[in-house]
Amino acid sequence: MGCLKLRRHVVISLLLAIVVAADCATGGALTIFNVLRYGAAGNGRSDDSPAFLRAWEAACKGNPTKNIPVVYVPPNRTFLLTPLAFLGPCKSQRIYVLMSGKLIAPVKREWKGSPDAWIQFFGINGLVMKGKGVIDGQGSTWWPDNTCRNDPDPAKGVACKGPYGMMFRNCDGLRLKGFSKINGPGSHIKITKANNTVISNLWIIAPGDSPNTDGIDITSSTDVQIRNSFIATGDDCVAINAGTSNVYVTGITCGPGHGISIGSLGHGGGNDTVENVHVRNCTLKGTLTGVRIKTVQGGKGYARNISFKGIKFEAVDNPIQIEQFYCPLKVNCRNYTSAIAVSDVSFVGISGTSVAQNVINLNCNQLFGCKNIRLDRVYIQPSIAGNKVSATCNNAHGKATHTRPMVNCFLP
Ligand SMILES: *[C@@H]1O[C@H](CO)[C@@H](O)[C@H](O)[C@H]1NC(C)=O
Ligand SMILES: *[C@@H]1O[C@H](CO)[C@@H](O)[C@H](O)[C@H]1NC(C)=O
Ligand SMILES: *[C@@H]1O[C@H](CO)[C@@H](O)[C@H](O)[C@H]1NC(C)=O
Ligand SMILES: *[C@@H]1O[C@H](CO)[C@@H](O)[C@H](O)[C@H]1NC(C)=O
Ligand SMILES: *[C@@H]1O[C@H](CO)[C@@H](O)[C@H](O)[C@H]1NC(C)=O
Ligand SMILES: *[C@@H]1O[C@H](CO)[C@@H](O)[C@H](O)[C@H]1NC(C)=O
């Protein structure tokens, strides 16, 4: 710790060493902004949001030195935060949030402020949030109402969506590492309009029957890595949405949940594009779907250059799916004359078991089809001995080699 130069006398927990170690390499010294010094009580009852915002303001806007500011959330305390937004830009090129303690959200009936998200970060470049802390959205007070999101009446549907647990918007160079994000009211972590994001070693956990609790949602972003994390929720473990490119997902253990999804794309006739998504070495256990691409009718863009390699399934339902007729609310599911084009998708080195019979389902649009779909070394067995497994395609063009079940439904 020889390179550590602190501007304030603080108790440095061992956890701080994580941050320090990361910065010795670059020679950066740190200035600590402990939320307790800015008035946080950490008793789990009084609202610590004003104190957190003061600490943030000091670290982000007021830090007069060349040191890297660290907003420090100390261990062994529980901080109640009402919905709040941390705003950039900051003076320094990097800023840390060291999460050692626990954050909790208000229960639904005490929710004040933004209905969109609990903790928001806007326009902050070089934000690094790490530590072994726990961020608890207390979602159980929201979930009973979330199911009405599936109401065909869109107005009602939106009203029933729980807020995002954490939302990062326009944050370039974002790093999230090590903490637990649990029981989100809605999706746990949403990242949008960001370049160069690395997410690693997170634990994202909510009950399998908690509605609409995606693990990680990415939209409108480029260069995203999601690595070595455990995600068990009531919806998609990872959802990659419109406007996203260059995504690497590796070493994710997912389940329960709805698997790893691209889309859904093309809502409201949108020109949605997703490309260069590569999923490697992930395990899906007991999920409702495995790996899938879903697009709704009437969209305009594309999903292309997507690969899934080294995937293991354990008792997964619908393990491999491309669905160009996605229509979750089952209303206005008519056929349109435009569709999101799906091409250059490969499923390679995939094995495991499924509770479904139709384990590979490539259901593509009659006008555009799906082009250059490749399956190689894909072996999926029934999870119950004696059951049969099969593959189906509609309008899918591509090639299958070494697969069980046999895939002989491709068009050339
Ligand atoms: C937090 O609690 C743990 C376990 O009780 C204890 O070992 C540790 O010293 C505490 N840390 C601080 C900073 O109080
Ligand atoms: C990300 O990079 C693109 C292209 O280089 C740039 O136009 C955009 O402003 C960047 N995003 C942010 C949030 O800075
Ligand atoms: C859709 O967006 C892509 C990428 O931004 C663009 O290249 C393409 O021209 C757009 N297509 C339509 C039909 O607007
Ligand atoms: C597919 O994605 C990879 C990784 O992002 C990239 O290197 C490659 O050039 C892409 N291929 C095409 C045809 O765009
Ligand atoms: C995936 O696992 C294989 C075999 O263990 C390993 O060789 C490869 O480097 C891993 N790929 C990634 C991207 O982690
Ligand atoms: C849309 O077209 C597909 C493929 O031709 C067909 O299977 C499906 O029944 C049609 N759906 C509707 C709602 O017309």
Side-chain angles (χ1 to χ4, degrees), residues 6 8-20 32-37 40-44 70-79 98-103 131-134 178-180 192-193 195-198 218-227 238 240-250 260 262-281 291 293 295-310 324 336-348 365 367-368 370-374 376 397-398:
L6 289 173
R8 290 164 196 261
H9 290 285
V10 289
V11 180
I12 304 162
S13 87
L14 268 180
L15 286 165
L16 194 49
I18 309 168
V19 169
V20 173
I32 308 296
F33 298 84
N34 185 337
V35 294
L36 293 175
R37 293 182 156 251
N43 59 18
V70 181
V71 174
Y72 179 49
V73 181
N76 300 354
R77 288 182 187 255
T78 299
F79 300 90
L98 179 57
M99 269 294 311
S100 295
K102 181 171 183 178
L103 308 182
K132 297 227 186 302
V134 176
F179 57 86
S180 300
T192 184
K193 298 186 179 156
N195 296 331
N196 177 12
T197 301
V198 182
I218 312 281
T219 58
S220 306
S221 295
T222 56
D223 297 320
V224 182
Q225 296 183 40
I226 304 174
R227 296 196 302 238
V238 175
I240 295 157
N241 282 300
T244 302
S245 59
N246 304 350
V247 181
Y248 295 86
V249 178
T250 62
I260 298 175
I262 316 258
S264 48
L265 304 177
H267 284 283
N271 179 13
D272 291 349
T273 60
V274 169
E275 66 185 326
N276 309 341
V277 177
H278 305 287
V279 179
R280 298 280 181 278
N281 298 357
V291 292
I293 300 173
T295 70
V296 302
Q297 295 271 299
K300 283 200 264 304
Y302 51 78
R304 66 190 185 199
N305 193 19
I306 294 164
S307 68
F308 301 94
K309 198 168 178 181
Q324 281 192 313
Y336 290 76
T337 52
S338 67
I340 303 280
V342 175
S343 64
D344 305 307
V345 181
S346 61
F347 301 90
V348 177
N365 178 283
L367 296 174
F368 298 86
C370 306
K371 305 229 166 66
N372 193 22
I373 312 301
R374 203 162 65 85
D376 182 41
H397 299 257

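We count ligands from 1, going down the list as the structure has it; atoms in each ligand are counted the same way.
Side-chain N or O atoms of Ser338 include one that pairs as donor or acceptor with a backbone N or O of Gly299 at under 3.5 Å. With Lys300 contributing its side chain and Gly269 its backbone, the two residues share a donor-acceptor pair below 3.5 Å. Distance alone, capped at 3.5 Å, is enough to place a donor-acceptor pair between the Gln297 side chain and the Gln324 backbone.
Defined by atom type and a distance below 3.5 Å, a donor-acceptor pair is present between the side-chain atoms of Arg280 and Ser307.
Shown here for Thr244 and Ile240, the closest heavy-atom pair between the two residues is CG2-CG2, 3.8 Å. Nearest heavy-atom pair across Asn365 and Leu367 is OD1-N, 2.7 Å.
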N/O pairs closer than 3.5 Å, ligand 4 and protein:
residue: ligand 4; atom: 2 (O); partner: Asn276; partner atom: OD1; Å: 3.4
residue: ligand 4; atom: 2 (O); partner: His278; partner atom: NE2; Å: 2.9
residue: ligand 4; atom: 2 (O); partner: Asn305; partner atom: ND2; Å: 2.3
residue: ligand 4; atom: 5 (O); partner: Tyr248; partner atom: OH; Å: 3.3
residue: ligand 4; atom: 11 (N); partner: Asn305; partner atom: ND2; Å: 2.9

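Which parts of ligand 1 touch Pro75 is read off a 4.0 Å heavy-atom cut-off, strictly below it: atoms 13 (C). Interface of Asn271 with ligand 3, defined as ligand atoms under 4.0 Å from a residue heavy atom, comprises 1 (C), 2 (O), 3 (C), 8 (C), 10 (C), 11 (N), 12 (C), 14 (O).
Remark: ligand 3 and Lys300 share no N or O pair separated by less than 3.5 Å (distance only, no angle test).
The aromatic rings of Phe347 and Phe308 sit parallel, their planes meeting at an angle under 30°, below the 60° perpendicular limit.
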